Amino acid sequence: MAASAFPDSAVQQRIVIENCAIATIDADDTEYAGGHVVIAGNTIESVGAGKAPEGLANVVRRVDGTGHLATPGLINTHHHFYQWLTRGLATDHNLFDWLVALYPTWARIDAQMLTAATHGSLGMMVKGGVTTACDHHYVFPRGAGDLVAAELAAAADIGARITLARGSMDRSEKDGGLPPDFAVETTEGALIATEAAVDAHHDASFGSMVHLAVAPCSPFSVSTELLREGAALARRKGVRMHTHGSETVEEEAFCHELFGMGPTDYLASTGWLGEDVWMAHCVHMNDSDIAAFARTGTGVAHCPSSNARLAAGIARVPDLLAAGVPVGLGVDGTASNESGELRTELRNALLINRLGAHREAALNARAALRLGTHGGAQVLGRAAEIGSLEPGKLADLVLWKLDGLGHASIADPVTALVFGPPAPVTLSLVDGRPVVEDDHLTTVDEDAIARATRSEARRLARIAAGG
């Protein structure tokens with residue numbers, strides 16, 4: 001029998017899930033063909049083979065998981081929620097051309113738009129098994145309202161954990177950057193606003209629903225001063241650091257032209273390597289770059305669909321993992337990954353990496369699932385709390401339905417989840433609370449969100465067009 005994390009007298013309410021296959025994603029990759037999970041309050045009490053222990057008190061719900069696979073909740077390590085309102089645009093562009101096309105529209109966003117976009121982006125991910133998401137928000141137009149507060153309130157509506165990476169840009173076209181001049185903050189203003197956001201919203205306690213990170217946007221949209229001072233700010237405040245890095249060959253050329261070195265060496269020179277740092281994409285990395293990430297413990301958010309959509313290339317994920325680099329999965333912004341789901345990234349990460357040098361040995365189903373769960377927890381600095389199903393960890397759990405038409409003929413449940421079509425979510429818990437039941441969000445009206453996102457997308461388009 002699996003060990004219990006709590007004495008019986010300490011438990012108020014329990015949820016018992018039985019008769020399901022379980023992929024714990026613990027250090028030993030323990031799996032059960034038929035097992036149980038007992039949840040006490042917001043924490044996993046026990047997980048193991050067979051039926052749950054007899055005589056449990058205060059059981060408020062029993063779930064028959066026959067035909068299902070239980071896994072940790074998926075963890076999205078990189079996103080841009082606001083881009084939900086600009087999906088389907090600039091669909092045949094590379095990264096730099098895509099940014100130039102969309103920055104003028106993004107720079108018109110306001111708090112009402114971001115609320116709708118957060119509901120749409122986060123709601124879609126949560127429907128697909130995400131329980132924790134990082135949003136990298138770096139567009140702060142003047143007069144837009146309190147965008148950080150608006151996003152966090154909308155995330156609370158959905159019920160997911162969030163790491164809000166408070167981004168910034170201070171290198172505009174006049175400074176040799178890509179964003180239009182009106183789309184950026186001053187260096188000082190960005191630092192002051194970032195510190196204020198951390199002070200107001202970051203919660204470092206166990207089980208926190210909100211983390212903040214310091215997140216200047218990218219080497220080609222921020223100054224060296226903002227990177228250096230941002231790193232100093234993050235370390236003074238004890239929060240993590242996030243940015244984009246080594247996404248495209250154009251970025252590589254840009255960094256060599258402006259700084260005389262590649263993106264990894266440049267970011268290292270500004271203090272942006274370390275166990276408290278993770279970067280999105282990391283597609284164009286040489287052996288020296290990978291060794292630097294491994295040596296410093298710098299993490300990677302692998303975004304396979306966006307990398308393909310923008311023709312960025314194939315990240316060297318097998319080499320990163322072999323070197324010991326922490327790697328998680330990211331949806332990336334839905335203007336470059338219109339599906340907006342992380343469960344599809346499990347499959348895409350596996351398939352795209354098999355097109356690379358390692359071919360069929362690049363990733364297997366279990367490696368892909370580990371990227372989307374425990375790997376993401378490592379990257380976000382929360383591996384002690386989430387990312388695996390173990391006693392004492394937070395009750396962030398997904399029950400995937402695998403006995404339907406799309407999956408029933410695949411014998412192995414993990415293979416069915418990763419290789420098969422997107423699996424329906426029968427139940428998803430965050431902090432022990434249901435956020436999805438029978439493939440529908442429990443905390444919000446999905447149809448109302450769809451109407452609001454459509455309306456706000458049209459309003460943004462009108463404003464950007466000068467209407």
Side-chain angles (χ1 to χ4, degrees), residues 77-80 132-140 146-152 155 161-171 175 177 184-245 259 263-280 282 292-301 325-326 328 376-386:
T77 60
H78 182 69
H79 206 96
H80 308 292
T132 297
C134 165
D135 183 50
H136 187 191
H137 187 86
Y138 53 83
V139 180
F140 290 89
D146 189 340
L147 298 183
V148 169
E151 177 171 322
L152 292 177
R161 291 187 206 280
I162 184 169
T163 293
L164 199 165
R166 203 290 182 183
S168 52
M169 301 187 294
D170 69 342
R171 182 191 291 275
D175 305 309
V184 303
E185 299 174 275
T186 66
T187 306
E188 181 183 16
L191 291 166
I192 290 171
T194 300
E195 183 167 6
V198 171
D199 288 343
H201 301 290
H202 180 67
D203 178 3
S205 64
F206 184 89
S208 163
M209 296 298 291
V210 177
H211 279 191
L212 268 284
V214 175
C217 184
S218 65
F220 49 83
S221 61
V222 304
S223 66
T224 301
E225 180 185 2
L226 183 53
L227 283 170
R228 286 180 176 152
E229 293 300 319
L233 168 63
R235 287 169 177 143
R236 175 164 50 85
K237 292 291 181 180
V239 299
R240 297 181 75 76
M241 301 155 57
H242 182 49
T243 191
H244 298 86
F259 314 121
T264 298
D265 289 339
Y266 171 63
L267 288 163
S269 75
T270 62
W272 275 78
L273 293 184
E275 293 182 352
D276 53 355
V277 179
W278 83 103
M279 297 188 197
C282 300
F293 271 52
R295 183 174 61 252
T296 58
T298 305
V300 171
V325 175
Q378 283 185 296
V379 165
L380 296 185
R382 304 200 71 169
E385 301 171 276
I386 57 176

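Keep in mind the model is a prediction, meaning the values are calculated, not measured. Scope of the values below: all heavy atoms of this structure, side chains included, with no hydrogens, waters or symmetry mates.
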Considering only residues two or more places apart or on different chains, which pairs with a residue in residues 209-233 satisfy salt bridge (Lys or Arg N to Asp or Glu O under 4.0 Å)? none

Return the minimal non-hydrogen interatomic distance between [X] and [Y], and the atom names on each side.
X	Y	value
Leu191	Leu233	O-CD2, 3.9 Å
Ser168	Tyr138	N-CB, 3.6 Å
Pro219	Arg171	O-NE, 4.0 Å
Val222	Pro216	CG1-CB, 3.9 Å
Met241	Gly271	CE-O, 3.7 Å

Which residues pass the side chain to side chain donor-acceptor pair (under 3.5 Å) test with [X], sequence neighbours left out?
X	value
Thr77	none
Arg236	Glu195
His244	His78, His80

Do [X] side-chain atoms and [Y] backbone N/O form a donor-acceptor pair below 3.5 Å?
X	Y	answer
His79	Asp135	no
Thr132	Ile162	no
Glu385	Gly207	yes
Thr298	Gly274	yes
Arg240	Ala234	no
Asp203	Ser208	no

Under the ring pair (Phe, Tyr, Trp, His ring centres under 6.0 Å) definition, can you give me all pairs with a residue in residues 199-233, not counting sequence neighbours?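 Only Phe96-Phe220, His202-His211 qualify under ring pair (Phe, Tyr, Trp, His ring centres under 6.0 Å).
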
How would you list, by chain and number, every residue that makes a side chain to side chain contact (heavy atoms under 4.5 Å, CB included) with Ala294, sequence neighbours excluded?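 For Ala294 the side chain to side chain contact (heavy atoms under 4.5 Å, CB included) partners, ignoring immediate neighbours, are Ala323, Val325.
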
Quick check for you: to the nearest 0.5 Å, what is the distance between [X] atom [atom1] and [Y] atom [atom2]?
X	Y	atom1	atom2	value
Cys217	Asp170	SG	CG	10.5 Å
Thr270	Leu273	OG1	CG	8.0 Å
Thr163	His136	OG1	NE2	12.5 Å

Check Val148, Leu226, Leu212, Val214 against Thr194 for a side chain to side chain contact (heavy atoms under 4.5 Å, CB included) and give me the one that passes. Val214

